[in-house]
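See structure below.
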Amino acid sequence: MDFAPVIDGFGVVLEPANLLYCLIGVVIGMLVGVLPGLGPAATIAILLPITFEIEAVGAVIMLAGIFYGAQYGGTITSVLLRLPGEASSVVTVFDGHALARQGRAGTALGIAAIGSFVGGTVSVVALSLLAPLVAGFALDFGPPEYTALALLGILLVATISSGSRLKALTAAALGLLLAVVGRDAFTGSERFTFGSLELADGLDFVPIAMGLFGLGEILHSLEQRRTAGAAVHAPTEVHNVWPSRTDLKQSSGAIGRGSVLGFVLGILPGGGAVMASLAAYAVEKRRSKHPERFGQGAVEGVAAPESANNAAATSSFIPLLTLGIPANATMAVIFGALLIQGVRPGPQLLEENPELFWGVVNSMYLGNVLLLIMSIPLVGLFVRILRVRPAVLAPITVLITLIGAYTVNNSVFDIVLVIAFGALGYLMKKTGFDPGPLVLAFVLGALLEESLRRSLLLFDGDPTGFLTRPISGVLLLAFIIVALLPGIRAVQARREREREPVG
């Protein structure tokens, strides 16, 4: 491995402008993590228009900071207020708030900060070592391999994501349908444009992302707060933030295992920080000699999920930067930001734009240090922000979203699209549909169509040609296994029920 580009990447990060973008990103990320309902995907979608005026390296450094910074911020309200600001912090509520009720809120926040720092750092080191290998391997990819990879990525997101598989597959199918709107790249004929000039060039990613994640999330969050009540109780006071030697010894194994598990699950499409935190908590509870301690204030119950979600947030950049395949909804929005900047993520990125690649990767080292330093001192500020009424914050956020959508192309039609997809996003959340698979399928749809048609031209229209190439053949085999797995599990479950004695 040539370390010269890695060292040059640190030079890129240490430029004053990029240092500032890294700081802005992690602070916004922490704030996003504290505020329930918004989430990093929505925030990044809302901020997409701002990135037009920033150089590509600085823009992606800031957006990456928002993503992994949100994992930190969600911990604060989970521990102090029993209010998870971010989905990946839901599991932290169980033992984090229990420790706070025992007067050990400082211990919980300290363990969470240390675990998050270790998990993020371990994942960045592994990312630095593994990403060039994956990119080198991906250089052998042609249209057939990208076709199989895009298919597998969409299916994994739809089947591994939490919630109904049928609803996830339906959302993904809608995303693929939206991806073909506009002129056919091969024949020039118009598809699903209904005679509209605005639709002739296809749907733009920015208004879709801003509508589904920005406006849709705001509307759904407002309804939830109105239903559940938006009162924020006084937080538990924080004392003795640095954990004792016993606490550190007790949680060290959980931090190590959570970091490794989070790194692995973050790479998988559909995995991400939420699944990593759930899996890490389940592993620690299962292997514990006293599982009854979990939920009552076990420090391992805080250390494991917090290490895992930060490791997963970092490792999810591997498939994005090396293969051009976003692993989750937030990565799909960052993928869109890169395309807007004229940067195409994929195996060529490391060779064609090493400054951006290593600048973004190395910024995560610095970002994790900044988060560790700031996570505790800013607790009081974030709790005060929580007291601001949603009726004040929501209209301001919606106004910023609509103005941002208009400034992209100075188009009123984009505002109409944001409102339409905002309504769709709200209805999807309300009826249990995850917008993530839709956005991922939309992003991958163009790649899938282009690669599939080029492959069929390459194979003279013979679809069995995919099986004659080793990489595409293996990926398609994995696709078939993943597609059949839910059916196999359902058959096994039915047989087990039939074997159970009646009465």
Side-chain angles (χ1 to χ4, degrees), residues 39-42 44-45 48 146-185 191-194 199 201-217 220 268-272 316 319-320 323-340 345 405 414 416-453 479 482-483:
I44 293 172
L48 278 178
Y146 274 109
T147 302
L149 187 64
L151 277 171
L152 181 61
I154 294 169
L155 184 64
L156 280 171
V157 168
T159 55
I160 294 179
S161 296
S162 58
S164 167
R165 288 191 182 93
L166 180 60
K167 289 182 177 180
L169 287 169
T170 303
L174 178 58
L176 289 175
L177 178 62
L178 293 173
V180 301
V181 172
R183 290 191 184 92
D184 188 316
R191 303 176 300 187
F192 303 109
T193 61
F194 307 104
L199 292 176
D201 292 327
L203 291 169
D204 193 3
F205 174 79
V206 175
I208 291 178
M210 295 180 78
L212 285 174
F213 291 118
L215 193 56
E217 290 281 356
H220 186 254
L268 298 175
S316 58
L320 175 69
L323 300 174
I325 302 293
N328 51 58
T330 307
M331 288 297 105
V333 182
I334 294 178
F335 180 94
L338 284 166
L339 294 181
I340 289 168
D414 283 350
V416 174
L417 284 179
V418 170
I419 294 172
F421 280 102
L424 176 63
Y426 164 73
L427 292 173
M428 289 180 72
K429 296 286 280 186
K430 191 174 178 63
T431 54
F433 284 84
D434 183 4
L438 187 156
V439 174
L440 281 158
F442 177 79
V443 167
L444 293 176
L447 173 66
L448 175 60
E449 182 187 14
E450 182 182 350
S451 300
L452 176 61
R453 294 173 73 171
F479 174 85
V482 173

Original post:
Would a 4.5 Å heavy-atom cut-off, applied to side chains only, mark Ile334 and Met331 as touching?
Top reply: yes
**OP:** Of all the heavy-atom pairs spanning Asp184 and Arg191, show the shortest one and how long it is.
**Re:** OD2-NH1, 3.6 Å
Original post:
When rounded to the nearest 0.5 angstrom, what distance separates CG in Leu151 from CG in Leu448?
Top reply: 5.0 Å
Subject >> Shortest non-hydrogen contact from Val439 toward Ala332 >> reply: CG1-CB, 3.8 Å
Subject >> Over all atoms of both residues, closest heavy-atom pair of Pro437 and Ala168 >> reply: CB-O, 3.6 Å
**OP:** Could you tell me the separation between the CG atom of Leu444 and the CD1 atom of Ile325, rounded to the nearest 0.5 Å?
**Re:** 5.0 Å
Subject >> Rounded distance (nearest 0.5 Å) linking atom CZ of Phe433 with atom CG of Leu212 >> reply: 13.0 Å
Original post:
Mind checking whether Leu447 and Leu149 have side chains closer than 4.5 Å, heavy atoms only?
Top reply: no
Original post:
Which atoms form the tightest heavy-atom contact between His220 and Lys430, and what is the distance?
Top reply: CD2-N, 4.0 Å
Original post:
Under the side-chain contact (heavy atoms from CB on, under 4.5 Å) criterion, do Met210 and Asp414 qualify, and how do the steps go?
Top reply: CA-CA 10 Å; Met210 295 180 78; Asp414 283 350; over 6 Å; no
**OP:** Calculate, to the nearest 0.5 Å, the distance between atoms CD1 and CG belonging to Ile340 and Asp204 respectively.
**Re:** 6.5 Å
Original post:
Could you state the interatomic distance from CZ (Phe479) to CG (Leu155), rounded to the nearest 0.5 Å?
Top reply: 5.0 Å
Original post:
How far apart are the closest heavy atoms of Pro326 and Phe335, and which atoms are they?
Top reply: CD-CD1, 4.3 Å
Original post:
Looking at CG of Leu215 and OH of Tyr426, how far apart are the two atoms once the value is rounded to the nearest 0.5 Å?
Top reply: 11.5 Å
Original post:
What closest approach, in Å, do Ala337 and Leu48 show between heavy atoms, and which atom pair accounts for it?
Top reply: CB-CD2, 3.5 Å
Original post:
Are any side-chain N or O atoms of Thr193 and backbone N or O atoms of Leu199, one a donor and one an acceptor, separated by less than 3.5 Å?
Top reply: no
Subject >> For Phe442, the option from Ile208, Leu174, Val180, Leu176 that meets side chain to side chain contact (heavy atoms under 4.5 Å, CB included) >> reply: Ile208
